[in-house]
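Following: one structure in structure tokens, then a few remarks.
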Amino acid sequence: MTKITTNPDHPAFKAADGSSIFDKFGYSAAVRAGDFVYAAGQIGLNPDGTIPETDAEQIRNAFDRLKIVLEAAGSSLDDVVELITYHVGIKNNLADCVAIKADYIKAPFPTWTILEVAGLARSELVIEIKATAYTPK
């Protein structure tokens, strides 16, 4: 099976020095393997790399970034079959996540695993969203 990697050329994925975060950290935003697209976890930074003021803004940004990654890989949020969300302070942001997710993920719904974690890549982050999409060629 051939793996096809995707790294969107989008301002939201540029490091402070202008390089790609994918190159900087050595990973792919998405990998297509057969009919499946595996999207790396997406965090809720603003497009300029700053941290939003609210958990809800972070959640919305993470879904926006996931949408960009999937579309760059030839897929979409409608193709998602598995969704995994990682929350810091889940009691403070799960209700927002459920409400915001409804703007992005429509029926028929994918599976959804919700995990609370102690921390993410930056201490101010409260959400990371990872997905698998089924997108036949």
Q. Which atom names give the shortest non-hydrogen contact between I59 and C97, and what distance separates them?
A. CD1-N, 3.7 Å

Q.
Quick check on the hydrophobic clustering: are V98 and L77 connected, directly or via other members, by side-chain heavy-atom contacts under 4.5 Å?
A. yes

Q | Atom pair CD1/CD1 of I100 and I105 - distance to nearest 0.5 Å | A | 12.5 Å

Q: Go through the steps to decide whether Y104 and D64 satisfy the test side chain to side chain contact (heavy atoms under 4.5 Å, CB included), and finish with yes or no.
A: CA-CA 9 Å; Y104 293 87; D64 287 340; 2.6 Å; yes

Q. Can you name the closest pair of heavy atoms from G74 and T135 and give their distance?
A. O-CG2, 3.3 Å

(Q) Restricting to non-hydrogen atoms, name the atom on A39 and the atom on L66 that form the minimum distance, rounded to 0.1 Å. (A) CB-CD1, 3.7 Å

Q. If only atom types and distance count, is the side chain of H10 paired as donor or acceptor with the main-chain N or O of A12 below 3.5 Å?
A. yes

Q: Give a yes or no on whether the backbone of A40 and the side-chain of Q42 come within a donor-acceptor separation of less than 3.5 Å.
A: yes

Q: Specify the closest pair of heavy atoms between V88 and A118, including all atoms of both residues, with the distance to one decimal.
A: CG1-O, 4.1 Å

Q.
Within the structure provided, determine whether Y86 and K130 are in side-chain contact (heavy-atom separation under 4.5 Å).
A. yes

Q.
If you count heavy atoms of other groups shown closer than 6.0 angstrom to NZ of K67, is the number above 12?
A. no

**Q.** Partners passing ring pair (Phe, Tyr, Trp, His ring centres under 6.0 Å) against Y38 (at least two apart in sequence or in another chain)
**A.** none

**Q.** Where at least one partner belongs to residues 11-31, residue pairs that pass side-chain hydrogen bond (donor to acceptor under 3.5 Å, both in side chains), sequence neighbours excluded
**A.** D9-K14, D17-S19

Q) With a 4.5 Å heavy-atom cut-off, do L94 and I114 have their side chains touching? A) yes

Q) With distance as the sole test, does D79 use its side chain to make a donor-acceptor pair with the main-chain N or O of S76 at under 3.5 Å? A) yes

(Q) I want to check something: taking the side chain as every heavy atom from C-beta on, are V37 and L70 in contact at a cut-off of under 4.5 Å? (A) yes

Q) Do D103 and R60 come close enough that some side-chain heavy atom pair is under 4.5 Å? A) yes

(Q) So N7 and F13, do their side chains get closer than 4.5 Å, heavy atoms only? (A) no

Q. Among all residues two or more places apart in sequence or in another chain, which pass the salt bridge (charged side-chain N to carboxylate O under 4.0 Å, His left out) test with R32?
A. none

Q: Sequence neighbours left out, what pairs pass side-chain hydrogen bond (donor to acceptor under 3.5 Å, both in side chains) with at least one residue falling in residues 105-115?
A: T85-W112

(Q) Using every non-hydrogen atom in the two residues, find where P136 and D35 come nearest and quote the distance to one decimal. (A) CA-OD1, 3.5 Å

Report, one line per pair, each donor and acceptor closer than 3.5 Å where one atom sits in a side chain of residues 43-58; sequence neighbours left out.
from: N46; atom 1: OD1; to: N61; atom 2: ND2; distance (Å): 3.0
from: N46; atom 1: ND2; to: T50; atom 2: OG1; distance (Å): 2.9
from: D48; atom 1: OD1; to: T50; atom 2: N; distance (Å): 3.0
from: D48; atom 1: OD1; to: T50; atom 2: OG1; distance (Å): 2.6
from: T54; atom 1: OG1; to: E57; atom 2: N; distance (Å): 3.0
from: T54; atom 1: OG1; to: E57; atom 2: OE1; distance (Å): 3.0
from: E57; atom 1: OE1; to: E53; atom 2: N; distance (Å): 3.3
from: E57; atom 1: OE1; to: T54; atom 2: N; distance (Å): 3.0
from: Q58; atom 1: OE1; to: V126; atom 2: N; distance (Å): 2.9
from: Q58; atom 1: NE2; to: E124; atom 2: O; distance (Å): 3.1

**Q.** Joint hydrophobic cluster, I84 plus L120, side-chain heavy atoms closer than 4.5 Å
**A.** yes

Q. Cluster question for you: counting only ILVMFWY and a side-chain heavy-atom cut-off of under 4.5 Å, with indirect links fine, are I90 and I129 together?
A. yes

**Q.** With F109 via ring pair (Phe, Tyr, Trp, His ring centres under 6.0 Å) - residues at least two apart
**A.** none

Q) CZ of F22 to OG1 of T6: how many Å apart, nearest 0.5 Å? A) 9.5 Å

